[in-house]
Amino acid sequence: MTDMQCAVNAQAKLAECPRWDERTQTLYFVDIDSFILYAYDTKSKSLAHRKFDEEIGCFSLDEHEGFVAAFRSGVYTFEHFNADLKPYWLASYDQKTTRFNDGRCDAKGRFLAGTMYSPKDAFNGALHQFSQGKETLIDQAAWTSNGLAFSPDNTIMYYSDTPNHVVYQFDYDLESGVATNKRIFIEFPRGNGRPDGAAVDSEGNYWSALYQGQRVVKISPQGKILEEYPVPATYPTMVAFGGTDMQTLFVSTCRGAQTEEELKQFPEAGGIFAIETNVKGQIEPRFAG
Ligand SMILES: O=C1O[C@H](CS(=O)(=O)O)[C@@H](O)[C@H](O)[C@H]1O
């Protein structure tokens, strides 16, 4: 049994990247495999959506009403929810095997996004950083880039490689945007979930959605699992803090990977779930351009 309740019954194939807009009390999220960006207005309980021509992996809000978003074919900006896309960086990788997957902004407004390399026969998944019109390659050694998050003091960057069951830490220099000293933060045993999307709370704990693990785990900065939160879906994909007090944990989930049996057990899989916590999340930094 879980206290987690379905906040948005989106029935998404692959819901990902929940993002809380504290200015409008809106929860944005994507359905990667349906090419859709959603906007859930928590005040009116209305759900808007926009369908693109390709997978949208992740996005951040900007300082105005706009977005920066990472798709299969590259990174684009748009000035408001329904505005035309403006190319920012076109993919230098093979789009037949690779797409963007997970990302967010650092506290200086640089957008960082990682790619998923589907063949998983080489470590071609990469982490890219976008700022002032330029792209910088941060790391290239993954199958599925995921779990990107920053500590409250911005000195630690977290980054997971889901199918390899590992979350890394880097030292992060916020002034330069340089990440160094990559090391293993935590590894998960095979067969009981693998680290997908994540968020760091205001106390520095790393909250990881365990894909195929049917739960979210709260991990201390030292790598100790402190709490586990069951999710009514086999495949949690990402978490985000929000709500009027920033203490609501939103969890996106995947429906497309569930078996018929799992769909009978979890009929709201593909939705966004929510649970009240006793800790505040961090307000998401916005893209600076
Ligand atoms: O975030 C994601 O990760 C999953 C997990 S895995 O790469 O299969 O281990 C992936 O399937 C999904 O498409 C991706 O968005």
Side-chain angles (χ1 to χ4, degrees), residues 10-19 28-38 52 54-60 69-73 75 91 93-104 112-128 139-149 158-168 186-199 206-217 231 233-240 250-259 262-263 266 269-273:
Q11 301 278 304
K13 290 180 185 173
L14 178 55
E16 277 269 16
C17 196
R19 279 275 182 275
Y28 293 96
F29 62 97
V30 299
D31 180 348
I32 295 180
D33 288 347
S34 299
F35 307 177
I36 293 175
L37 172 64
Y38 284 103
F52 296 96
E54 59 176 319
E55 295 93 335
I56 174 170
C58 60
F59 64 93
S60 281
F71 295 78
R72 178 174 291 276
S73 66
V75 174
Y93 49 72
D94 179 356
Q95 295 179 37
K96 293 191 293 298
T97 63
T98 303
R99 66 163 166 79
F100 276 107
N101 190 56
D102 173 82
R104 65 178 357 118
L112 289 87
T115 58
M116 179 176 94
Y117 173 67
S118 299
K120 296 185 174 73
D121 56 11
F123 291 96
N124 292 340
L127 180 60
H128 303 260
D139 189 70
Q140 183 155 21
W143 286 352
T144 300
S145 299
N146 238 319
L148 187 72
Y158 294 89
Y159 173 66
S160 70
D161 180 2
T162 308
N164 285 297
H165 291 242
V166 63
V167 182
Y168 299 102
I186 188 170
E187 286 186 284
F188 290 88
R190 308 273 157 167
N192 193 25
R194 49 194 190 264
D196 207 305
Y206 183 83
W207 296 63
S208 177
L210 293 193
Y211 191 83
Q212 205 164 11
Q214 200 208 310
R215 68 195 189 283
V216 169
V217 289
V231 178
T234 309
Y235 298 89
T237 56
M238 175 62 172
V239 296
F250 293 103
V251 184
S252 56
T253 62
C254 166
R255 184 177 185 83
Q258 296 218 161
T259 63
E262 288 168 335
L263 285 173
F266 301 125
I272 304 290
F273 294 87

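This one's a predicted model, so the numbers in the text were calculated from it and none came from an experiment. Residue numbers run from 1 in the order of the sequence given. In listed order, ligands and their atoms are each counted from 1.
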Can you tell me which residue and heavy atom of the protein come closest to [atom], and the distance to 0.1 Å?
atom: atom 10 (C) of ligand 1; result: Met116 SD, 4.0 Å
atom: atom 3 (O) of ligand 1; result: Asp196 OD2, 3.3 Å
atom: atom 13 (O) of ligand 1; result: Arg99 NH2, 3.0 Å
atom: atom 7 (O) of ligand 1; result: Thr144 OG1, 2.7 Å
atom: atom 11 (O) of ligand 1; result: Tyr211 OH, 3.6 Å

Give a yes/no verdict on whether any heavy atom in [X] is under 4.0 Å from an atom of ligand 1.
X: Asp102; value: no
X: Asn146; value: yes
X: Lys13; value: no

Interatomic spacing from NE2 in His165 to CZ in Phe188 - rounded to 0.5 Å | 10.0 Å
Spacing of CZ belonging to Phe100 relative to CG belonging to Leu127, to within rounding of 0.5 Å = 9.0 Å
What part of Leu14, side chain from CB on, backbone N/CA/C/O, both or neither, has a heavy atom under 4.0 Å from ligand 1?
-> side chain
May I ask you to test the [X]-[Y] pair for a side-chain heavy-atom distance under 4.5 Å?
X: Gln140; Y: Asn124; answer: yes
X: Trp143; Y: Pro163; answer: yes
X: Leu14; Y: Asp31; answer: yes

Atom 14 (C) of ligand 1: of Thr237, Asp33, Asn101, Asn164, the nearest heavy atom sits on Asn101
Minimal heavy-atom distance between Ser252 and Cys17, with the atoms involved, is OG-N, 4.2 Å
Mind listing the closest non-hydrogen atom pair of Met116 and Asn101 along with its distance?
-> CB-CB, 4.1 Å
Any idea how Tyr38 and Phe29 line up, ring-wise: parallel (<30°), tilted (30 to 60°), or perpendicular (>60°)?
-> parallel
Would you confirm whether Asp102, through its side chain, and Leu148, through its main-chain N or O, come within 3.5 Å as a donor-acceptor pair?
-> yes
Proximal ligand 1 atoms for [X], defined as those under 4.0 Å from one of its heavy atoms:
X: Arg194; answer: 6 (S), 8 (O), 9 (O)
X: Ile32; answer: 15 (O)
X: Thr162; answer: 5 (C), 9 (O)
X: Pro163; answer: 7 (O), 9 (O)
X: Lys120; answer: 7 (O)
X: Glu16; answer: 1 (O), 2 (C), 15 (O)

Taking the six-membered ring for Trp and the single ring otherwise, decide whether the centroids of Tyr211 and Tyr235 are under 6.0 Å apart.
-> yes
